[in-house]
There are 2 protein chains.
Amino acid sequence: MSAETSLCPTETALDLIGGKWKGMILFYLCKEKKRFNQLMRLVPGISQRMLTKQLRDLESNGIIHRKVYPEVPPKVEYSLTPLGKSLKPVVDALEAWGIQYIGEGGAQD
Amino acid sequence: MSAETSLCPTETALDLIGGKWKGMILFYLCKEKKRFNQLMRLVPGISQRMLTKQLRDLESNGIIHRKVYPEVPPKVEYSLTPLGKSLKPVVDALEAWGIQYIGEGGAQD
DNA sequence: CCGTATCCGAATCGATACTG
DNA sequence: CAGTATCGATTCGGATACGG
């Protein structure tokens with residue numbers, strides 16, 4: 001009825017990428033697939049437990065794909081699914097804003 | 001060495017809008033300024049405590065402005081600062097994704 | 001109308017140790 | 001290499017009551 005009751009689809013998208021780490025993980029996976037320890041190094045300050053949790057979460061939401069190579073030593077690659085790739089405009093907007101208003105140096109409080 | 005060490009400015013932007021509610025609040029404030037109880041009605045399921053907290057958080061990050069009218073009954077209006085307005089592309093991207101992949105019906109779990 | 005204060009259970013998260 | 005298990009500290013978050 002009113003102009004007041006608009007839809008709010010931002011909730012869902014933020015629900016998928018809205019944690020503390022998911023945006024960053026997506027940011028890196030947007031470029032190319034990565035292995036577990038690569039992500040550990042790329043995402044500063046994340047613990048194994050957290051990274052595992054975030055990856056599982058993204059996977060269960062159909063955003064990333066987890067490919068296990070049956071070999072020793074174990075090797076697992078994470079990549080974006082088509083759904084995950086569709087989030088690239090969002091990640092790009094996030095990145096563009098960050099560069100413009102924070103600067104290239106990365107996160108500073 | 002450095003193909004791996006890219007910058008990641010998504011962290012900062014998500015830090016500002018990444019909570020459960022901030023995206024939705026921003027989404028509505030993008031359109032026009034709102035009063036406290038308007039937001040209460042717009043954001044389904046949020047409590048007074050939470051709304052207050054989120055608004056204070058956004059305010060302290062310079063994203064929204066809180067204008068108090070010194071009158072009875074009290075009247076407070078929240079609006080986007082220039083910095084807040086600069087986040088509109090991000091909110092738009094979030095919204096566009098939501099519409100495309102979830103549908104107009106709003107958030108469905 | 002627009003908040004703040006307090007209580008209290010639930011969820012989160014870092015650190016650490018262990019496994020195939 | 002890529003995780004899982006467990007513990008304890010911190011924070012989150014709803015319900016309720018109160019205040020300007």
Side-chain angles (χ1 to χ4, degrees), chain A residues 2 4 8 11 14-26 28-29 32-61 63-81 107 109, chain B residues 4 8 10-12 14-26 28-29 32-61 63-80 107 109:
Chain A
S2 18
E4 211 65 317
C8 182
E11 186 189 17
L14 274 180
D15 219 44
L16 299 181
I17 70 169
K20 183 179 178 182
W21 310 104
K22 296 199 184 76
M24 211 182 309
I25 294 172
L26 248 22
Y28 289 118
L29 288 183
E32 52 182 340
K33 58 188 175 189
K34 298 260 184 280
R35 299 180 59 176
F36 188 87
N37 275 2
Q38 282 185 295
L39 288 170
M40 278 290 283
R41 282 186 291 271
L42 286 170
V43 181
I46 199 171
S47 63
Q48 277 195 344
R49 208 180 80 109
M50 264 303 106
L51 183 54
T52 302
K53 191 171 181 300
Q54 303 304 309
L55 289 171
R56 291 285 186 280
D57 209 351
L58 290 168
E59 187 190 3
S60 76
N61 283 322
I63 294 175
I64 66 174
H65 175 68
R66 178 170 179 264
K67 178 166 188 182
V68 182
Y69 293 84
E71 52 185 55
V72 284
K75 174 176 168 183
V76 179
E77 276 177 352
Y78 294 93
S79 57
L80 293 184
T81 61
D109 193 47
Chain B
E4 212 65 320
C8 181
T10 64
E11 185 191 18
T12 315
L14 273 181
D15 218 44
L16 299 181
I17 70 169
K20 183 180 179 182
W21 309 103
K22 295 201 186 74
M24 209 181 310
I25 294 171
L26 249 22
Y28 288 119
L29 288 184
E32 52 182 340
K33 59 188 175 191
K34 297 261 185 283
R35 299 180 58 178
F36 187 88
N37 274 2
Q38 281 185 296
L39 289 170
M40 277 290 284
R41 282 187 291 273
L42 286 170
V43 181
I46 199 172
S47 64
Q48 275 195 345
R49 209 178 82 109
M50 264 304 106
L51 183 53
T52 302
K53 190 169 182 302
Q54 303 304 311
L55 289 171
R56 290 287 184 280
D57 209 351
L58 290 168
E59 188 190 3
S60 77
N61 283 323
I63 293 176
I64 66 175
H65 175 67
R66 178 169 179 264
K67 178 166 188 183
V68 182
Y69 293 84
E71 52 184 56
V72 284
K75 175 176 167 184
V76 180
E77 277 179 353
Y78 293 93
S79 57
L80 293 184
D109 197 43

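Below, chains carry the letters A, B, ... as their sequence lines are ordered, and counting in each starts from 1.
Pairs engaging residues 43-56 of chain B under the salt bridge (charged side-chain N to carboxylate O under 4.0 Å, His left out) rule: none recorded [sequence neighbours left out].
Residues B:L39 and B:I46 are not in side-chain contact: their nearest non-hydrogen atoms beyond the backbone lie 4.5 Å or more apart. With a 4.5 Å cut-off on side-chain heavy atoms, A:L26 and A:L80 count as touching.
Considering only residues two or more places apart in sequence or on other chains, A:L16 meets the side-chain contact (heavy atoms from CB on, under 4.5 Å) condition with A:N61, A:I63, B:W97. The side chain to side chain donor-acceptor pair (under 3.5 Å) search around A:D57 returns A:K22, not counting sequence neighbours.
From the 5' end on, the contacts that DNA chain C makes with chain A at under 4.0 Å to a non-hydrogen atom open and close at C:dC13 to C:dG20. First and last contacts of DNA chain D with chain B, using any nucleotide atom under 4.0 Å from a protein heavy atom and ordered 5' to 3', fall at D:dG13 to D:dG20.
Rounded to the nearest 0.5 angstrom, B:E32 CD and B:Q38 CD are separated by 7.0 Å. Interatomic distance, A:N37 CG to A:L42 CG, rounded to the nearest 0.5 Å: 10.5 Å. Separation of atoms OG1 (B:T10) and OH (A:Y28) is listed at 7.5 Å; rounding is to 0.5 Å. Taking CE of A:M40 as the reference point, atom OG1 of A:T52 lies at 8.0 Å (rounded to 0.5 Å). Rounding to the nearest 0.5 angstrom, the gap separating the NZ atom in A:K20 from the CG atom in B:L14 is 12.0 Å.
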Residues 64-78 of chain B, side-chain donor-acceptor partners within the protein, below 3.5 Å, at least two apart:
{"from": "B:R66", "atom 1": "NE", "to": "B:Y78", "atom 2": "OH", "distance (Å)": "3.3"}
{"from": "B:Y69", "atom 1": "OH", "to": "B:E77", "atom 2": "OE1", "distance (Å)": "2.8"}

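Taking every heavy atom of residues 49-60 of chain B and every atom of DNA chain D, pairs under 4.0 Å involve B:R49, B:M50, by number. Only B:P74, listed by number, bring a heavy atom of residues 66-79 of chain B to less than 4.0 angstrom from any atom of DNA chain D.
Summary of helix geometry: the two end axes of the helix from C:dC1-D:dG20 to C:dG20-D:dC1, each defined by five base pairs via their C1' atoms, are inclined to each other by 50° (rounded to 10°).
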